[in-house]
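Presented below is the structure to which this report refers.
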Number of protein chains: 2
Amino acid sequence: MSGSRYGEIAEALRRSILEGEYPVGALLPSESDLAARWGASRGTVRQAVGLLASEGLIGSRQGARRVVLRQERRHSFAQLTSFAQWAQAMGCEVSSRILTRTTRRAGAEEASRLGVARDSEVLYVLRLRRLDGEPVLVERTAYTDWVAPAVRDLPDDCVSIMDSIAENAGIVAHYGEHLIDAVAAGSEDARLLGVRRGSPLLRQRYLTYTAAGRPIEWTDDRYLPGSVAFAVSNSAAASPLERHAGPSVTPHPVRAP
Amino acid sequence: MSGSRYGEIAEALRRSILEGEYPVGALLPSESDLAARWGASRGTVRQAVGLLASEGLIGSRQGARRVVLRQERRHSFAQLTSFAQWAQAMGCEVSSRILTRTTRRAGAEEASRLGVARDSEVLYVLRLRRLDGEPVLVERTAYTDWVAPAVRDLPDDCVSIMDSIAENAGIVAHYGEHLIDAVAAGSEDARLLGVRRGSPLLRQRYLTYTAAGRPIEWTDDRYLPGSVAFAVSNSAAASPLERHAGPSVTPHPVRAP
DNA sequence: AAGTGGTCTAGACCACTAG
DNA sequence: TAGTGGTCTAGACCACTTC
């Protein structure tokens, strides 16, 4: 994408917006203006502005110039699958520690999510993750049998398991399916995060799988509220009854009170 | 969109997927196949499959056929701004009751979010909303002064305020900005939802604004966990380091335990 | 080597917004 | 009425997957 013409145009526009050349509410140049200015076709320009729209930076309506909605960097939601990548991009110091690593037969939930047999062996990993030294996340992951060997030998303080198995074993998550809700802290959660049992946690469960559709892991992440929230932008088509524009989602840092 | 060629093609493909003609893991016809079959250009076909990709139904990689990822209806995240629309689409019976309606000077939070002066008058509405008769959501909304008159005279059991003010006053939400996290139930929340004080709630705060960028409302929604979750699909580009594909987000019903 | 999706071009017409 | 974005076409070349 960064090697593409439209990615280049998008990046330039993005920088202009973030630097304030086009403040919130300002109108972007027209498509034909941009096309002429960049020596590109209108289609290529539309790919570029479509990218920014999907990030929630700009909005559009037929007949009117595009408008700047936000002056704020947004990291791709794809990084949601990598806490480490996200945290580093946000400028936070992230550290992790694997507390337990056990191989057991898959439970009903994991077997169903991972699409493996009930009696197949699965690697369970419990991790505590910190942001700027503060514990904020308890992570419980089940890795399918074919991924387990790549995870088994990683050091306990491995910052990003996803990055490591991508590099070492060529296992790359291409798709993800996430479920976000709230749960009460269990006793283990409470002890690790330093809160009372029953206190609210933001839960993000997700399944990742390869480009070929093979499940990699099923994870249950529990965040201390106030440390992160999920931010979502959406934009409707002009007609109130026919909405379809793609939203943009990112984990969002919460400033301490 | 439904009046467009690509919307038509997308809808047909969507139906085929949901009806199982292309089960999960199946390969879609190639772009040129589809173009020939529909008598459309390749560009139009790409718009159609792009729509399905943004809904998380299909995935793609350069060089390989598109693959079906999910066989499951997904409603547009745009409906996240309308609880009523979403619930009805899910086949749930939804009812709402406005408990209080007060006009006060804006607090610091609301003034900042709505972009109005600290001393401007804002309409605060407290609503309890039910799904199939069960209370699941406490909603606290602040409407800007210019929207307030359209809301003031709505009946207490109005099912969808958004739909009503769109119809009556032509006020349509075009953009939305959402923040999702978890909070402990306050005493009012606890009383209304029938849970203990301090128990976990899923919170969704959002600002909606018009096509012209004028803020309409700032809302704090608190869901009973187990009633809804947010579902997110994401898809990465082929390169693990250059991800940009748009995610698809929807509220997601949770079946009772 | 053949097939496929990703990118790009240079046109065209229409629906909508704004002055 | 002029300008703008939304849609559509018919080509082209390249990178990648698959066999």
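Naming convention: chains lettered A, B, ... in sequence-line order (proteins, then strands); numbering from 1 in each chain.
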Inset, instruction - For A/Y209, enumerate each residue passing the ring pair (Phe, Tyr, Trp, His ring centres under 6.0 Å) test, keeping only those at least two apart in sequence or located in another chain. - result: A/Y175
Legend entry - Which nucleotides of DNA chain C pair, in dot-bracket form (Watson-Crick or G-U under 3.5 Å, | meaning another strand): ||||||||||||||||||.
Any non-hydrogen side-chain atom of [X] less than 4.5 Å from a side-chain atom of [Y]?
{"X": "A/T144", "Y": "A/R214", "answer": "no"}
{"X": "A/R66", "Y": "A/V49", "answer": "yes"}
{"X": "A/Y143", "Y": "A/I161", "answer": "yes"}
{"X": "B/T103", "Y": "B/R152", "answer": "yes"}

Write down the protein N/O and nucleotide N/O pairs, taken from nucleotides 2-4 of chain C, whose separation is under 3.5 Å; answer none if there are no such pairs.
residue : atom : partner : partner atom : Å
C/dG3   : N2   : B/G63   : O            : 3.1
C/dT4   : OP1  : B/R65   : NE           : 3.3
C/dT4   : OP1  : B/R65   : NH2          : 3.0

Inset, instruction - Please state whether the phosphate of D/dC8, meaning OP1 or OP2, lies under 4.0 angstrom from any side-chain nitrogen or oxygen of B/Y6. - result: no
Inset, instruction - Return no unless some side-chain N or O of A/R46 is found under 4.0 Å from OP1 or OP2 of D/dC8. - result: no
Legend entry - B/T141: partners by side chain to side chain donor-acceptor pair (under 3.5 Å), with sequence neighbours left out: B/T219
Distances for protein N or O near nucleotides 9-13 of chain D N or O, under 3.5 Å:
residue : atom : partner : partner atom : Å
D/dT9   : OP2  : B/S41   : N            : 2.7
D/dT9   : OP2  : B/S41   : OG           : 3.0
D/dT9   : OP2  : B/T44   : OG1          : 2.6
D/dA12  : N6   : B/R42   : NH1          : 3.1

Using atom [atom1] of [X] as one end and atom [atom2] of [N] as the other, report the distance to the nearest whole Å.
{"X": "A/W38", "N": "C/dT7", "atom1": "CH2", "atom2": "C1'", "answer": "16 Å"}
{"X": "A/L27", "N": "C/dT17", "atom1": "CG", "atom2": "P", "answer": "15 Å"}
{"X": "A/H174", "N": "D/dT17", "atom1": "NE2", "atom2": "P", "answer": "10 Å"}

Inset, instruction - Before giving the answer on side chain to side chain contact (heavy atoms under 4.5 Å, CB included), spell out for B/E167 and B/D163 the whole-Å C-alpha distance, their side-chain angles and the decisive distance to 0.1 Å. - result: CA-CA 6 Å; B/E167 205 172 318; B/D163 288 355; 5.6 Å; no
Inset, instruction - Flag the pair B/E8 and B/R5 as a salt bridge only when some basic side-chain nitrogen lies within less than 4.0 angstrom of an acidic carboxylate oxygen. - result: yes
Inset, instruction - Look at B/E11 together with B/R14 and state whether they make a salt bridge at an N to O cut-off of under 4.0 Å. - result: yes
Legend entry - Backbone N/O of B/V159 and side chain of B/R129: donor-acceptor pair under 3.5 Å: yes
Could you list the donor-acceptor pairs under 3.5 angstrom formed between side-chain atoms of residues 16-29 of chain A and any protein atom two or more places apart in sequence or on another chain?
residue : atom : partner : partner atom : Å
A/S16   : OG   : A/A12   : O            : 3.1
A/S16   : OG   : A/E21   : OE1          : 3.3

